[in-house]
Each structure stands twice: as C-alpha cells, then as structure tokens.
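Okay, so here's the structure we're looking at.
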Amino acid sequence: MTDGILGKAATMEIPIHGNGEAGQLSEDDGLEQDLQQVMVSGPNLNETSVVSGGYGGSGDGLIPTGSGRHPSHSATPAGPGDEVARGIAGEKFDIVKKWGINTYKCTKQLLSERFGRGSRTVDLELELQIELLRETKRKYESVLQLGRALTAHLYSLLQTQHALGDAFADLSQKSPELQEEFGYNAETQKLLCKNGETLLGAVNFFVSSINTLVTKTMEDTLMTVKQYEAARLEYDAYRTDLEELSLGPRDAGTRGRLESAQATFQAHRDKYEKLRGDVAIKLKFLEENKIKVMHKQLLLFHNAVSAYFAGNQKQLEQTLQQFNIKLRPPGAEKPSWLEEQ
C-alpha cells in the first residue's frame with residue numbers, strides 16, 4: 001500500500017550496514033554534533049497568542065504569551081481572562097508535545113542510521129554536489145587566508161619602503177658627496193611605494209571579492225543545505241514510522257493512526273522535495289556566479305602582480321582602471337586602499 005506513497009524521483013533508500021556506512025560512503029564521526037542539530041530548534045513558546053473573543057482590553061484581541069495569567073483559586077466563576085490563560089497553556093502544551101514527538105522520531109532515525117539498523121533516502125547526484133561545495137569552500141577559505149596574509153605583508157613592505165625613501169632623501173640633503181646616489185635611491189623607493197600602493201589596491205579588491213563569495217554566497221547556499229538535510233532526516237523518520245504501521249495489524253484504531261501517519265508523512269515529503277529543489281537551484285546559480293566572479297578576479301590578480309614585478313607602472317594603473325578600482329588618497333577619512341566604483 002505504501003509503494004506509491006514512498007516512491008521518490010531521483011532518490012533511493014540506502015540500507016545502513018554494520019558500522020553505519022551507506023554503501024561506500026565513509027563513516028561520519030560527528031554523531032554528537034548531529035544529535036545537537038536535531039535538538040537545536042526547540043519549540044518557540046513566545047509566539048503563542050490566543051484571540052480573546054472580543055472582550056475588550058488593550059491587546060486588540062490578542063494576548064501575548066508573556067502576559068498569561070494564573071488561574072484563580074477563589075470560588076468565583078472563571079472569567080474571560082482565565083479562559084484565555086487556559087487556552088494559552090493548552091496551545092503551549094500542544095507545541096511542546098509536537099516538538100517532542102518530532103525530536104524523538106528524528107533522534108531514533110538518526111541513531112538507526114548510524115548504528116546500521118535502518119535506511120536513509122539518498123540523492124546521490126545532489127549529495128555529491130553538496131560535498132563538492134563544502135570542499136570548494138574549504139579551499140577558497142585557504143585562498144582567502146593567504147590573500148589576507150599577502151595584503152598584510154605588502155602593507156608592511158610599503159611602510160618600510162616609504163621610511164627608507166624618506167631616510168635617503170634626508171641623507172641626500174645632508175651628504176653633498178653622496179647627494180646624487182642618495183637622491184636616485186630615494187626616487188626609486190618613492191616609485192616602488194606608488195606601484196606598491198596600486199598593487200595593494202588590486203590585492204585588496206581580490207580579497208574582498210573572495211570574502212563575499214565565501215562568507216555570503218557559499219554560506220547562504222550551505223544554510224539551505226542544512227535545512228534540506230534536516231528535512232531529509234524528518235522525511236525518513238516519518239517514512240519509517242509509516243512503514244512500521246503498515247506492517248502491523250489492521251483494526252479500527254490502527255486504521256485511524258495509519259491515515260494520520262500518511263498525512264504527516266506526505267507533509268514531510270512535500271517539505272523535503274521542495275528543499276531538495278531549492279538546493280539544486282542554488283547550487284546551479286552558485287556555480288555560475290562563482291565562475292563569473294573568479295574569472296574576473298583571477299585575471300585582475302594575474303595582470304596586477306605581473307605588471308608590478310615587471311616594473312610596468314602604466315600597465316599596473318591600466319589594470320585598476322579596467323576593473324573599476326579607485327585608490328583612496330593618503331590621509332583619506334576611511335583607512336582603505338581602494339573603493340569599488
């Protein structure tokens with residue numbers, strides 16, 4: 001009976017064997033973290049509200065959870081406020097009950113998967129893309145860290161060259177016999193500073209773009225992935241629950257529970273399918289955006305570094321103009337080397 005309900009396009013159920021591996025998938029040692037993830041979204045009781053039935057008052061018909069009143073212990077009949085308080089308490093109890101049941105089922109499913117007593121739904125192609133994204137993010141974070149280190153070193157080099165140029169210029173004025181030698185060394189350091197500031201502007205722009213790609217674009221996609229993975233766990237938990245009920249005895253009581261389980265399962269299946277589609281779309285757009293951004297940034301980085309070390313000041317300046325990078329003048333209000341137009 002459940003074959004039609006449990007059919008999944010582009011997915012498959014993979015039984016967990018022995019040490020908890022799914023086929024050739026490697027064993028994940030983060031069981032404690034996964035259990036914490038299951039428990040992290042507790043019931044939000046602060047959003048509970050009950051319509052007061054038009055009995056007047058300052059809440060426009062709504063009484064927030066925080067203002068619920070304790071039932072009166074006097075012999076007087078219960079008033080509207082007592083009815084509202086009982087309504088709030090009942091609503092809170094239902095929220096906690098549903099959350100508790102859901103958490104229990106998900107924890108049971110997670111442990112069943114980890115200890116080789118159950119199966120999980122796997123979209124092999126999508127999970128491969130997700131793992132590739134996580135690996136890519138780790139590598140880009142490494143590039144970002146190295147880029148920031150390069151920026152710090154370049155800035156330190158500029159400060160040293162500027163101080164050395166000033167020292168040469170001062171000695172040129174005070175050493176007539178070496179005035180010419182100190183003078184052209186001072187000019188050389190001044191030119192190196194100018195080119196270094198231009199290179200630093202390009203590297204800062206590169207680092208800023210990588211930072212946005214990693215901490216904003218990739219992270220946004222991974223947040224949707226986490227929601228998808230949580231929905232997958234819920235989906236499998238309620239699928240397992242429905243399968244167990246379907247194999248049990250049939251009577252009037254069981255029939256009602258089975259219908260309720262089917263409805264709950266279908267709701268979780270719809271949520272899982274929607275999030276699976278959302279992840280697939282975000283992964284597609286992320287890949288397109290990553291290629292577009294990195295094509296521009298890698299070209300900028302290559303041209304700027306090549307021109308700097310070739311001593312080609314004109315090409316270095318043209319590179320910044322090509323990518324609409326504008327250096328801030330010394331002493332600018334904001335201590336940054338660049339701004340994007």
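Values below: all heavy atoms of this structure, side chains included; hydrogens, waters and symmetry mates excluded.
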Could you check Arg276 against Glu273 for salt bridge (charged side-chain N to carboxylate O under 4.0 Å, His left out), going step by step and ending with a plain yes or no? CA-CA 5 Å; Arg276 189 179 68 176; Glu273 295 286 354; 2.7 Å; yes
Is [Y] reachable from [X] through a run of I, L, V, M, F, W or Y residues, each pair having side-chain heavy atoms under 4.5 Å apart?
X      : Y      : result
Leu126 : Met223 : no
Leu144 : Leu222 : yes
Leu150 : Met294 : yes
Val225 : Tyr140 : yes
Leu299 : Ile325 : yes

Taking atom types as modelled, is there a side-chain donor on [X] or [Y] under 3.5 Å from an acceptor on the other?
X      : Y      : answer
Thr224 : Asp278 : no
Gln297 : Ser209 : yes
Gln189 : Asn185 : no
Glu317 : Gln321 : no

Atom [atom1] of [X]: over 12 foreign heavy atoms under 6.0 Å:
X      : atom1 : value
Lys190 : NZ    : no
Glu219 : CD    : yes
Glu135 : CD    : yes
Lys194 : NZ    : no

Check the orientation of Phe206 and Phe301. Use parallel for under 30°, tilted for 30 to 60°, and perpendicular for over 60°.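 Geometry flag for Phe301 against Phe206: tilted rings.
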Please report the interatomic distance [atom1]([X]) to [atom2]([Y]), rounded to the nearest 0.5 Å.
X      : Y      : atom1 : atom2 : value
Asn303 : Gln322 : CG    : CD    : 6.0 Å
Gln161 : Cys193 : CD    : SG    : 5.0 Å
Leu286 : Ile291 : CG    : CD1   : 9.5 Å
Asn289 : Met218 : CG    : CE    : 9.0 Å
Thr221 : Gln129 : OG1   : CD    : 11.5 Å
Leu200 : Leu157 : CG    : CG    : 10.0 Å

With the threshold set at 4.0 Å, does a side-chain nitrogen-carboxylate oxygen contact exist between [X] and [Y]?
X      : Y      : answer
Lys274 : Asp270 : no
Glu141 : Lys137 : yes
Glu288 : Lys292 : no

Any [X] side-chain heavy atom under 4.5 Å of [Y] side chain:
X      : Y      : value
Ser119 : Arg239 : yes
Leu199 : Val305 : yes
Tyr308 : Thr198 : no
Thr121 : Tyr235 : yes
Leu158 : His162 : no
Leu178 : Ser172 : no
Asp123 : Tyr228 : yes

Atom of [X], atom of [Y] and distance for their closest heavy-atom approach:
X      : Y      : value
Ala169 : Ala186 : N-CB, 3.7 Å
Ala304 : Leu316 : O-CD1, 3.3 Å
Ala202 : Leu300 : O-CD2, 3.8 Å
Asp236 : Arg120 : OD2-CA, 3.2 Å

Under the 3.5 angstrom rule, does the side chain of [X] hit a backbone N or O of [Y] as a donor-acceptor pair?
X      : Y      : answer
Ser142 : Arg138 : no
Thr151 : Gly147 : yes
Asn195 : Gln313 : no

So, Tyr184 versus Phe168, ring centres under 6.0 angstrom or not?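 Tyr184 vs Phe168: aromatic centres not under 6.0 Å.
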Would you say the ring centroid of His268 lies under 6.0 angstrom from that of Tyr238?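 For His268 and Tyr238, the ring centres are under 6.0 Å apart.
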What's the verdict on salt bridge (charged side-chain N to carboxylate O under 4.0 Å, His left out) for Lys290 and Glu287, showing C-alpha distance, side-chain angles and the deciding distance? CA-CA 5 Å; Lys290 183 190 73 175; Glu287 183 65 18; 3.2 Å; yes
Go through Phe323 and Lys296 one step at a time and tell me if the side-chain contact (heavy atoms from CB on, under 4.5 Å) criterion holds. CA-CA 8 Å; Phe323 292 95; Lys296 175 181 178 180; 3.5 Å; yes
